[in-house]
Amino acid sequence: MKMVVCGGCAASWRRCVVMSLRLLFLLPAGLPVRSQGESQSDNKQMDNITIRQGETLFLSCSQGDLVTHTAWLNRSSILYAGEDKWCVDPRVSLVTLNQDEFTIKIEDVDVTDEGQYICAVQTRSRPRTTSVHIIVQVPPKIVNLSKDLVVNEGSNVTLMCLANGKPEPAIVWRMLSPSDDSLSSDNEVLEIPFISRYRAGVYECTAANDIAVDTQTVELTVNYPPSVSDGRDVGVTLGQRGVLQCEADAVPEADFEWYRDDRRIFNGFDGIEIEDAGGLSKLTFFNVSEADYGNYTCVAINKLGSVNTSIVLYEIIEPTSSTLLQGPGAVQDGNSGTSTVFTPTCLLLIVLLQLLLKF
């Protein structure tokens, strides 16, 4: 097996190919090297072949009745000389070699396989070559993406997305969840100045070229101090169950504290239960007493601040049986506590009696 090594052939690639052919075919040393301006009738240039990374490439050229030697070359390296394999790459193999066709294949094509390929044929009179340029396309792949971020409200945020691919992929940023088309960028960098809590969510980076699309996401968490809803006063009948509620919006979630005047209330204190679930806190009285009525304060706290709201627990007086019997025309006797009911019929009799007395 003959091995051909061409060092420093970048500036005279065609001369290097000729040298390889001379060694391979044992051609005379006087083999002419055509310049760009000379006839190219024996040197054919095929259209470029575009193939995707990972696919299988087939290279084929025609033979002829008078062919004595044939070879496939990649730049300055001989891949096959007839049936003899000259390269050690296991991906390269012979497919067809007969009087009409000489075909090899390269499996799992990579970007390193890109470049010029030559099919050299030696006839009894002179050599001829067929060349083709292979272009390897690479699907996009995001190689550098910002990690998930936790920032405080008001901070300036920069998200980065870098991708490789051939052709060079286009990068697009957008806010995915919650969806917001106004917050997007056709650039590797997405700048969000003075970020607010409403910009928190999932951001998507898309890298796309003619071959495929690669997508990855970044979750952005925005911390902000608590805010609470206005407290709703609660009326409860003596001896009944009463519940005060306090709702807070905060990231991270707020911790709750309850106070009566300046005294903090703890869970289980005087039969009172405190239950916190996410952004909601409940203060429950299972048997409201006279001492329980009054003003209560709920405080919501996280590492960025605190806020409070006041809630009043007031008494509702249930109607008694005597007041239920009294109609809209009843008059209460302040001394006896008894009542007299004047109906329309009774009033009519009094008027008639007064008229009769006049006569």
Side-chain angles (χ1 to χ4, degrees), residues 148-155 157 175 177-180 192 194-202 219-328 330 332-334 337 339:
D148 292 346
L149 291 176
V150 179
V151 298
N152 292 338
E153 192 171 38
S155 302
V157 175
M175 190 173 182
S177 176
S179 179
D180 187 350
I192 312 174
F194 306 106
I195 192 166
S196 72
R197 66 193 68 183
Y198 308 108
R199 297 301 193 187
V202 178
E219 185 170 2
L220 183 57
T221 302
V222 179
N223 291 333
Y224 53 91
S227 60
V228 294
S229 304
D230 292 337
R232 296 180 61 182
D233 297 342
V234 176
V236 180
T237 303
L238 193 66
Q240 298 300 310
R241 181 175 180 270
V243 180
L244 307 183
Q245 296 190 77
C246 180
E247 189 172 1
D249 178 28
V251 175
E253 284 187 347
D255 295 321
F256 293 93
E257 295 177 359
W258 285 92
Y259 292 87
R260 171 73 185 272
D261 298 325
D262 293 330
R263 182 185 58 153
R264 183 174 177 182
I265 303 171
F266 294 94
N267 192 26
F269 179 79
D270 287 345
I272 298 174
E273 180 183 83
I274 298 176
E275 181 183 4
D276 297 338
L280 180 65
S281 181
K282 294 181 180 180
L283 182 69
T284 302
F285 303 85
F286 293 97
N287 186 6
V288 174
S289 66
E290 287 282 357
D292 292 328
Y293 295 119
N295 186 64
Y296 291 82
T297 300
C298 169
V299 181
I301 308 167
N302 72 3
K303 63 182 182 180
L304 298 180
S306 65
V307 68
N308 64 76
T309 187
S310 294
I311 303 172
V312 175
L313 179 68
Y314 62 90
E315 183 179 8
I316 295 178
I317 301 176
E318 290 185 343
T320 62
S321 58
S322 60
T323 55
L324 289 174
L325 292 174
Q326 297 175 7
Q332 185 73 29
D333 187 334
S339 61

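All values derive from a computational prediction rather than experimental measurement.
Residue D148 holds its CG atom at 7.5 Å from OG1 of T221, rounded to the nearest 0.5 Å. The line from CD of E257 to SG of C246 is 11.0 Å long, rounded to the nearest 0.5 Å. Residue I317 holds its CD1 atom at 10.0 Å from CG of L238, rounded to the nearest 0.5 Å. The CE atom of M175 lies 6.5 Å from the CZ atom of R199; values are rounded to the nearest 0.5 Å. Rounding to the nearest 0.5 Å gives a distance of 10.5 Å between CZ of R260 and CZ of F269. The distance from atom CZ of R232 to atom CD of E247, rounded to the nearest 0.5 Å, is 11.0 Å.
Remark: side-chain polar atoms of N267 are paired, donor with acceptor, to backbone N or O of I274 under 3.5 angstrom. Formation of a donor-acceptor pair under 3.5 Å by the T309 side chain with backbone atoms of G231 is found in this model.
Looking at I265 and Y296, their side chains come closer than 4.5 Å, going by heavy atoms from C-beta outward. Counting heavy atoms from C-beta on, the side chains of P252 and N223 come closer than 4.5 Å. In this structure, the side chains of I195 and L220 come closer than 4.5 Å at one or more pairs of heavy atoms. I316 has its side chain out of reach of Q240: every pair of non-hydrogen atoms, C-beta onward, lies at least 4.5 Å apart. Side-chain contact between L283 and I311 is absent, with no heavy-atom pair separated by less than 4.5 Å. At a threshold of 4.5 Å between non-hydrogen side-chain atoms, the residues V299 and V307 do not count as touching. Contact of the W258 side chain with the L244 side chain is registered, since non-hydrogen atoms from C-beta on lie closer than 4.5 Å. For the pair V288 and Y293, the minimum side-chain heavy-atom distance is below 4.5 Å.
In summary, K282 and E275 do not engage in a salt bridge, as defined by a charged side-chain N under 4.0 Å from a carboxylate O.
Of all the heavy atoms in F286 and G271, the pair that sits closest is CD1-O, 3.4 Å. In terms of heavy-atom proximity, A200 sits nearest to P178 at O-CD, 3.6 Å. The two atoms that bring T297 and S310 nearest to each other are OG1-OG, 3.9 Å, heavy atoms only. S306 approaches I301 most closely through the heavy-atom pair CB-CG1, 3.8 Å. For S281 against F256, the heavy-atom pair with the smallest separation is CB-CG, 3.4 Å. Residues G305 and P226 approach most closely at O-CD, 3.4 Å, considering heavy atoms.
Between the side chains of Y224 and N302, no donor-acceptor pair is found at a separation under 3.5 Å.
If you run side-chain contact (heavy atoms from CB on, under 4.5 Å) between F285 and each of I272, D270, V234, only I272 comes through.
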task = Determine, stepwise, if the pair D249 / R197 fulfils side chain to side chain contact (heavy atoms under 4.5 Å, CB included).
result = CA-CA 11 Å; D249 178 28; R197 66 193 68 183; 4.2 Å; yes
